[in-house]
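Each remark here refers to the structure printed beneath this line.
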Amino acid sequence: MACADTSNPSIAAASVAGVDLDKIHDRQQFGSVKWANQWDEFSPRVEGEDLLSLWTADMDFRAPETVVARLREAADHGIYGYTRRDPRHYEIVQSWFARRHNWSPKLESLLPAPAIMPSVATILRTFTKPGDGIIVQAPVYSPYFEVVQGNGRVLLMNRLKLEDNKYELDLEDFETLAASGAKIFLLCNPHNPAGKAWTLEELTALNAICERHGVLVISDDIHCDIRLSGRPHIVFSSICEDAAEKSFICTAPTKTFNLAGIPSATISVANKKRRDKLLAAMQASFMVNANFFGRLALEVAYSTGAPWLDQLTRYIAGNIDLVCEFAREHLPGITPMMPDASFLVWLDARALDRRVEGVQKFFVNRAGVNLYDGRVYGPGGEGFIRLNVGCPRPLLRRGLERMANALVSS
């Protein structure tokens, strides 16, 4: 069955029919990392009685019903052999970004990928050598540190500047690092954990420095779809031709539609020589075969999921408003940073962190709420915590009330 056309009103309506975002689902029966409070069997478990899990970045909402129905149909079929993508697969990806973000990558520029971080690792191994410098902008998504250092490359930290509760670029330091022989800049766009959407002016300035020093750019755009402010998402390769020539744009529907457990991703590489080289490396690592359920989820979500996403975005915005209002009245020493995108809120708790000798552990032990410790995100993350608001509002409110009660009794 070909993917549905979003121009069909009944199909578009089906993606939001019966959606109750306030409903709390039991996720533990299927091995949820988030609710196990443990990333994998090799990582330590966060211990505590009746923990509320508001840490790692997946949501506690069902995917669009059109996606669920298609996956159920595929599961009921019962034969999960090798599979190919829909003939319109890349047109579906292209159409989504054209409609939502005013970016229409050429179809021939698009490559399939199993997920974003394996793709980043492959790009690093293909276009750099051990010992080469890779620029990241801390505090930032912690797997960036792992993918760089785990592949024998050198982390070059471009610290973001915190001004008036928002992050700004340190372009002088960025140029120093670029001039030192850096080979790749790993851009988080929008930024995680801050949720900042980089402006055209900021991306243009970064591109100019990379152009001067021959630095390639990997842009991780996984959080681009949940738009919370008037700032648009600007894809790095869209700003000018030389930006497109030097960049690898990594996209996926997994954060947008809560599909992290059945991942499928796309990489846009405008430069043909680099695209061919990357594809050969991915083929040699057997990375391009389609996942039976992942490719279906991508195609159906991008084809039919816009109404669901619009409803979700309004709900997430309401959750963020709740956090900001609640923090102002009941969480002294905690200041939320308003995100432009994503379902993550970066909380400045530096004064409280010093007082309680570790704010993340304090809320685990005294409130039964597990948040992400800002130290995980590298230099500049100390004293911050990241709160995942991609959950039913009653659950979020319960977590906030526990945190407030813990502060009162401390």
Side-chain angles (χ1 to χ4, degrees), residues 84-86 88-98 100-101 103-128 134-136 141 143-144 146-148 151 153 183-190 192 198 203 207 210 215-225 233-239 241-257 259-260 262-291 294-295 297-299 301-302:
R84 68 186 184 91
R85 295 167 182 84
D86 187 288
R88 296 176 49 244
H89 181 94
Y90 299 108
E91 294 175 11
I92 291 167
V93 175
Q94 179 193 57
S95 177
W96 175 262
F97 282 92
R100 305 294 293 198
H101 305 299
W103 176 57
S104 186
K106 293 180 179 179
L107 293 176
E108 62 268 24
S109 79
L110 300 178
L111 298 177
I116 286 183
M117 290 312 297
S119 303
V120 172
T122 304
I123 295 167
L124 291 179
R125 289 194 296 267
T126 304
F127 296 97
T128 66
I134 311 298
I135 302 174
V136 301
Y141 182 53
Y144 288 5
E146 298 171 43
V147 78
V148 172
N151 282 285
R153 277 61 176 171
K183 299 301 181 183
I184 284 182
F185 165 40
L186 180 47
L187 169 67
C188 195
N189 184 27
N192 175 10
W198 300 110
L203 294 175
N207 178 62
C210 290
V215 177
L216 300 177
V217 178
I218 305 172
S219 183
D220 174 359
D221 292 34
I222 199 168
H223 281 289
C224 70
D225 287 318
H233 176 64
I234 300 173
V235 179
F236 183 85
S237 66
S238 72
I239 62 178
E241 186 174 345
D242 61 71
E245 279 294 302
K246 69 167 65 67
S247 62
F248 304 83
I249 309 299
C250 302
T251 67
T254 46
K255 301 299 184 187
T256 306
F257 297 103
L259 304 171
I262 45 172
S264 184
T266 311
I267 312 172
S268 175
V269 190
N271 181 284
K272 185 180 186 307
K273 184 177 179 180
R274 293 193 187 104
R275 183 169 68 247
D276 291 346
K277 187 175 181 179
L278 178 59
L279 178 58
M282 295 173 74
Q283 288 173 324
S285 296
F286 300 90
M287 293 176 62
V288 298
N289 291 339
N291 176 280
R295 56 97 190 181
L298 179 151
E299 292 163 3
Y302 279 161

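Position 1 is the first residue of the sequence; numbering continues from there.
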Using modelled atom types only, decide if a donor and an acceptor are shared between the side chain of [X] and the backbone of [Y] within a distance under 3.5 Å.
X      : Y      : result
Gln94  : Ser104 : no
Arg88  : Asp86  : no
Arg84  : Ala290 : no
Arg100 : Cys224 : no
Ser95  : Glu91  : no
Arg275 : Val269 : yes

State which residue, out of Leu298, Ile92, Leu111, fulfils the side chain to side chain contact (heavy atoms under 4.5 Å, CB included) condition with Thr266.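 Result: among Leu298, Ile92, Leu111, Leu298 is the only option passing the side chain to side chain contact (heavy atoms under 4.5 Å, CB included) with Thr266.
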
List the atom of [X], the atom of [Y], and the distance in Å for their closest heavy-atom pair.
X      : Y      : result
Ala113 : Ser119 : CB-OG, 3.1 Å
Ala270 : Ala244 : CB-O, 3.5 Å
Thr254 : Pro263 : CG2-CA, 3.7 Å
Met287 : Pro118 : CE-O, 3.7 Å
Val147 : Asn151 : O-ND2, 2.8 Å
Ala297 : Ile262 : CB-CD1, 3.7 Å

[atom1] of [X] to [atom2] of [Y]: how many Å apart, nearest 0.5 Å?
X      : Y      : atom1 : atom2 : answer
Arg274 : Leu279 : CZ    : CG    : 15.5 Å
Lys246 : Phe185 : NZ    : CZ    : 11.5 Å
Trp103 : Ser268 : CH2   : OG    : 4.0 Å
Phe248 : Ile116 : CZ    : CD1   : 14.5 Å
Asn189 : Asp221 : CG    : CG    : 5.0 Å
Ser219 : Leu203 : OG    : CG    : 7.5 Å

Pair Tyr141, Asp220 - check side chain to side chain donor-acceptor pair (under 3.5 Å), show working. CA-CA 10 Å; Tyr141 182 53; Asp220 174 359; over 6 Å; no

Assess the side chains of His101 and Asp225: does a donor N or O sit below 3.5 Å from an acceptor N or O?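 Their side chains do contain a donor-acceptor pair, which is all the 3.5 Å distance test asks for.
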
Start with the C-alpha gap between Ile218 and Leu124, add the side-chain angles, then the distance that decides, and say whether side chain to side chain contact (heavy atoms under 4.5 Å, CB included) holds. CA-CA 9 Å; Ile218 305 172; Leu124 291 179; 4.0 Å; yes

From CA spacing to verdict: side chain to side chain contact (heavy atoms under 4.5 Å, CB included), Phe236, Ile249: CA-CA 8 Å; Phe236 183 85; Ile249 309 299; 4.1 Å; yes

